[in-house]
Amino acid sequence: VSISPDRRHLLVGAESPVAKDSSKLHIYDLESGQPLCTLHGPKRATTSVGWSPDGLNVACGSYDHRAYVWKVDWLPKPEDIKSREDVRNLQQERHRLDGFDDDVSCVAWRPDLTELNGTAGPLLLATASADGSVALWDGANGRKKWKFHVPPREEPEGANGSDSDSDDEDPAEQRKRAFEQRRRSVHTMAWSLDGTQLVTGHLNGMMHVVTMEGQVLHAWQAHKELVRCVCVSMEGLVASCSHDSSICVWRAKEGRGGHGGDSTAAAKAAFPVDDGMQAQPVSEAGGQEELIVLAEELAELGTGTQAAA
């Protein structure tokens, strides 16, 4: 689910009750609960939904290996809905984003930068996939700006990369390689509030910091299992929770925090990799007292995406 920036509408992604192989999204009036619009496009259930910061577009990721964008600059008023026929139907998406080899697990719009820079900035949409890729798209025209696959945590001993002959590989090794590839899948991500970097969380517990140019600036083993959710503060704090029952807040070593300047410099300042420094956990929730303190610390943090219902 996702609430529109003006707090008037609710976007819900859910599998169609009529056809198992199709999916619809619905927009409701938040105050009255009146359905206003139905969005068509995905062939399977949605994984993640989100409103653009200008409130004029919505996006979703889907199990059909695609992401979708619709323009919703006009919605009927609740009082204009007299029957089911009055609910607006958008049969065609504005953009269909292709090129994924697996489910699109997460979509996240770049935040509005008006309060920081005086202008909203370009409309950008980030996507993450279970194939281990992260991509950045122009939300206005649907064109891909860049895409990369997250590197593995470590290269297995004796691996020779693309020179290996997959036909001669032992079936057990093939299954192992496929399993490891799946574990690299990107499960969640969030923009920094200043829009200069993305933080991704993965099935294998890894986390990455990525710049606006698609450069991986830092990677670390944050958790033992799947990273369920991440969020980022303006000061460079990164919070993460995992299926291993841990909640952590991460920061750079003393004297290395803060943002400013171009996105590459900002990300290096918060998560330096040039001198081998590691992101340091500043809090790990293990009991009720710690969780209360952690909740206070995270009061100013915001997440970049909402999971579909």
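Just so you know, these numbers use all the heavy atoms, side chains as well, and skip hydrogens, waters and symmetry mates. Remember, it's a predicted structure, so these values are computed and weren't measured experimentally.
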Hey, mind stepping through Ser185 and His187 against side chain to side chain donor-acceptor pair (under 3.5 Å) and telling me if it holds? CA-CA 6 Å; Ser185 66; His187 183 76; over 6 Å; no
Rounded at 0.5 Å granularity, tell me how far CG in Leu193 sits from CG in Asp112. 12.0 Å
Heavy-atom neighbours of Glu225 CD exceed 12 at 6.0 Å: yes
Note, Gln197 side chain near Met212 side chain (heavy atom, < 4.5 Å): no
From CG (Leu198) to OG1 (Thr200), nearest 0.5 Å: 8.0 Å
Specify whether Tyr68 and Trp70 have parallel, tilted or perpendicular ring planes, treating 30° as the upper limit for parallel and 60° as the lower limit for perpendicular. parallel
For the residue pair Asn89 / His40, report whether a side-chain donor-acceptor contact shorter than 3.5 Å exists. yes
Do Val69 and Leu125 have side-chain heavy atoms sitting under 4.5 Å apart? yes
Answer yes or no: are there more than 12 heavy-atom neighbours, outside Arg8 itself, under 6.0 Å from its atom CZ? no
Side chain to side chain, Val199 and Ser192, heavy atoms closer than 4.5 Å: no
Drop me the distance from Ser242's OG to Lys224's NZ, to the nearest 0.5 angstrom. 10.0 Å
Ser32 side chain reached by Asp29 side chain, heavy atoms, under 4.5 Å: yes
Verify side-chain contact (heavy atoms from CB on, under 4.5 Å) between Trp51 and His9, making sure each step is shown before the conclusion. CA-CA 10 Å; Trp51 288 85; His9 302 116; 3.7 Å; yes
Are Arg110 and Pro53 packed together at the side-chain level, in the sense that at least one heavy-atom pair is separated by less than 4.5 angstrom? no
Measuring from atom SG of Cys241 to atom CG of Leu226, what distance do you get when rounded to the nearest 0.5 angstrom? 9.0 Å
Would you say Leu10 and Val12 make side-chain contact, with heavy atoms under 4.5 Å? yes
Flag if over 12 foreign heavy atoms under 6.0 Å of NZ, Lys147: yes
Less than 4.5 Å apart, any side-chain heavy atom of His26 and any of Lys24? yes
Between the side chains of His149 and Ser133, is a donor N or O closer than 3.5 angstrom to an acceptor N or O? no
Joint cluster assignment, Trp191 & Trp146, ILVMFWY side-chain distance < 4.5 Å: yes
Other hydrophobic cluster members with Trp74, side-chain heavy atoms of Ile/Leu/Val/Met/Phe/Trp/Tyr under 4.5 Å, chained? none
Evaluation steps, side chain to side chain donor-acceptor pair (under 3.5 Å), between Asp103 and Ser105: CA-CA 6 Å; Asp103 311 331; Ser105 52; over 6 Å; no
Mind checking whether His202 and His208 have ring centres under 6.0 Å apart? yes
Please examine the side chains of Val72 and Leu90, heavy atoms only from C-beta on, and report whether any two atoms are closer than 4.5 Å. yes
For Asp98, the salt bridge (Lys or Arg N to Asp or Glu O under 4.0 Å) test, sequence neighbours excluded, returns Arg66
Treat each ILVMFWY residue as a node, draw an edge where side-chain heavy atoms are under 4.5 Å apart, and state whether Leu30 and Leu56 are in one component. no
Cluster link Leu75 to Val58, ILVMFWY, side chain under 4.5 Å: yes
Would you confirm whether the ring centroid of Trp250 sits within less than 6.0 angstrom of the ring centroid of Trp220? yes
